[in-house]
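Read the numbers this way: they start at 1 and go in the same order the structure lists the ligands and their atoms.
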Amino acid sequence: MNNTGVEKKRVLSLLQPTGVFTLGNYIGALRNFVPYQAEYECVFGIADLHSITVRQEPAALRKAILECYAMGMAAGIDPKRSAFFLQSHLSEHSQLAWILNCYTQFGELSRMTQFKDKSVKNPENINAGLFTYPCLMAADILLYQANYVPIGSDQNQHIEISRDIAERFNGAYSPTFVIPEGIIQKFGNRVMSLQDPTKKMSKSDTNKNAVVLMLDTKDEIVKKFKRAVTDSEARVFYGEGKDGINNLMEIYLCVTGKSFEEIEREFEGKGYGDFKEAVGEAVFAALEPIQSEYYRLIADKAYLEECYREGAERARPMARKTLSKVMKKIGFI
Ligand code: AMP
């Protein structure tokens, strides 16, 4: 409930423990956590079960899970306010995922572009988990009766399949699951590569200058922005055929809160060099407090453990309630 006595809507977001956080992750996902917590009841988690669709080295996975948890907190997730847990600590996710597997068609899973992409990338390990991961993802969302799930501009298919599964189950029995909706933010839902602004900024890019990492130093960040690919027009404005500048302007808008018009005015009569430097500085200014908090948290494993254990205890009653409703409706004793 909020202070007007109206039930708050619930937002859910799970983070993949990949061990590398890019500026794309920050602008496209993490920076919204603070405003979400102000407006919604939030459920956040580390999607560690999802990470094993590709083979993981145990020590590296353990480290990546903790780093991801610490980064979530550093970016503003308040574990006293939101349920923030490790997905594998709640067996309800796997239990509901199995059930939802049986309400999902082979054909619809075959059409998922992520399955097709990952199968091409990992031809030696096209495992069943890779194929059925949308059922686990649907379970993550539906277990908590989430109203909203923040998604990137290319993740619509993920939320669509969760909605289809929920509607199918509700139709077969009676209303059981809230039908979730995706939230796509207006700006910053697709931060592009600094070296090829027609491509999304991605942690797997082999060109290190294309990707800004959340833990890069000021020097690294400013250098990467200085080397960013732009055009030869040398005038800062948002327009067609200016992919590089458009991307830098959108990044600047997201980290400073300025509008495109304000940015154009600020850099009127100035060259790209000044603009790129300003973007680099502004990005570092946004990341610096997160970096300090991250390093403080990652050094305090005992506190992190206290937080994720408490997070699981907060999440469990919500997950149990949904799962037991589902099991009863199906006819399990
Ligand atoms: P990933 O690390 O690719 O699993 O993405 C985690 C979250 O960060 C998702 O919500 C993505 O939409 C978001 N994200 C990742 N890369 C970008 C990007 N280049 N631009 C905007 N959002 C991104």
Side-chain angles (χ1 to χ4, degrees), residues 11-36 42-54 56 61 64-65 67-69 71-72 74-77 87 112-115 117-118 121 130 133-134 136-137 140-141 146 148-160 162 180-205 207-216 221 224-225 228-229 243-244 246-255 279 283 286-287 290:
V11 160
L12 174 131
S13 185
L14 260 55
L15 299 166
Q16 286 264 14
T18 49
V20 183
F21 304 93
T22 69
L23 182 63
N25 295 134
Y26 173 65
I27 289 182
L30 277 74
R31 80 183 168 114
N32 296 314
F33 292 165
V34 172
Y36 287 151
C42 293
V43 176
F44 295 116
I46 305 301
D48 51 359
L49 293 174
H50 281 279
S51 67
I52 61 165
T53 53
V54 291
Q56 301 279 348
L61 178 61
I65 292 169
E67 287 174 353
C68 190
Y69 194 87
M71 187 55 95
I77 295 179
Q87 182 193 27
M112 296 299 287
T113 51
Q114 186 161 327
F115 172 67
D117 293 348
K118 288 203 173 172
K121 277 190 200 148
L130 194 61
Y133 88 90
L136 177 57
M137 204 188 51
D140 300 334
I141 301 169
Y148 301 117
V149 181
I151 51 171
S153 54
D154 50 1
Q155 292 168 318
N156 215 23
Q157 205 184 20
H158 295 77
I159 195 83
E160 281 303 320
S162 301
E181 286 175 43
I183 314 180
I184 300 187
Q185 51 168 348
K186 190 165 174 208
F187 296 112
N189 63 52
R190 207 168 153 77
V191 176
M192 309 307 272
S193 150
L194 297 188
Q195 291 297 311
D196 177 0
T198 60
K199 251 177 43 189
K200 191 169 154 179
M201 183 182 283
S202 159
K203 57 189 169 254
S204 52
D205 204 313
N207 183 345
K208 296 295 161 238
N209 285 323
V211 189
V212 172
L213 301 180
M214 285 184 73
L215 295 174
D216 276 349
I221 292 175
K224 286 179 184 180
F225 276 102
V229 169
D243 295 334
N246 293 348
N247 185 39
L248 297 186
M249 283 183 75
E250 192 157 336
I251 292 171
Y252 195 61
L253 174 149
C254 290
V255 295
V279 181
V283 165
L287 295 179
I290 299 174

Atoms in ligand 1 flagged as close to Gly152, the criterion being non-hydrogen separation under 4.0 Å:
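Near Gly152, meaning under 4.0 Å from one of its heavy atoms, ligand 1 has 12 (O).
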Which word best sums up how the rings of His158 and Tyr133 line up, parallel for under 30°, tilted for 30 to 60°, or perpendicular for over 60°?
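Tilted: the ring planes of His158 and Tyr133 meet at 30° to 60°.
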To the nearest 0.5 Å, what is the distance between CE (Met71) and CD1 (Ile77)?
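Output value for this atom pair is 11.5 Å.
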From Asp243 atom CG to Met192 atom CE, the distance as rounded to the nearest 0.5 Å
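CE of Met192 is found 7.0 Å from CG of Asp243.
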Part of Met201 with heavy atoms under 4.0 Å of ligand 1, whether side chain, backbone, both or neither
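It is both parts that get close, each with some atom under 4.0 Å.
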Is the distance between the ring centroids of Phe33 and Phe44 under 6.0 Å?
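Yes, close enough.
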Give me the residue, atom name and distance of the protein heavy atom closest to [atom].
{"atom": "atom 10 (O) of ligand 1", "value": "Ala29 CB, 3.8 Å"}
{"atom": "atom 20 (N) of ligand 1", "value": "Val191 N, 2.8 Å"}
{"atom": "atom 23 (C) of ligand 1", "value": "Gly24 O, 3.2 Å"}

Contact summary for [X] and [Y], nearest pair of heavy atoms:
{"X": "Thr22", "Y": "Val211", "result": "CG2-CG1, 3.6 Å"}
{"X": "Leu12", "Y": "Pro150", "result": "O-CD, 3.1 Å"}
{"X": "Arg190", "Y": "Lys200", "result": "NH1-CD, 3.5 Å"}

Give yes or no for whether the N/O distance cutoff of 3.5 Å, strictly under, is met between Gln155 and ligand 1.
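N/O-N/O distance under 3.5 Å: yes.
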Are [X] and ligand 1 in contact, using a heavy-atom cut-off of under 4.0 Å?
{"X": "Gly188", "result": "yes"}
{"X": "Asn25", "result": "yes"}
{"X": "Asn189", "result": "yes"}

Out of Lys200, His158, Lys203, who is nearest to atom 17 (C) of ligand 1 when you count heavy atoms only?
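Selected option, by shortest heavy-atom distance: Lys200.
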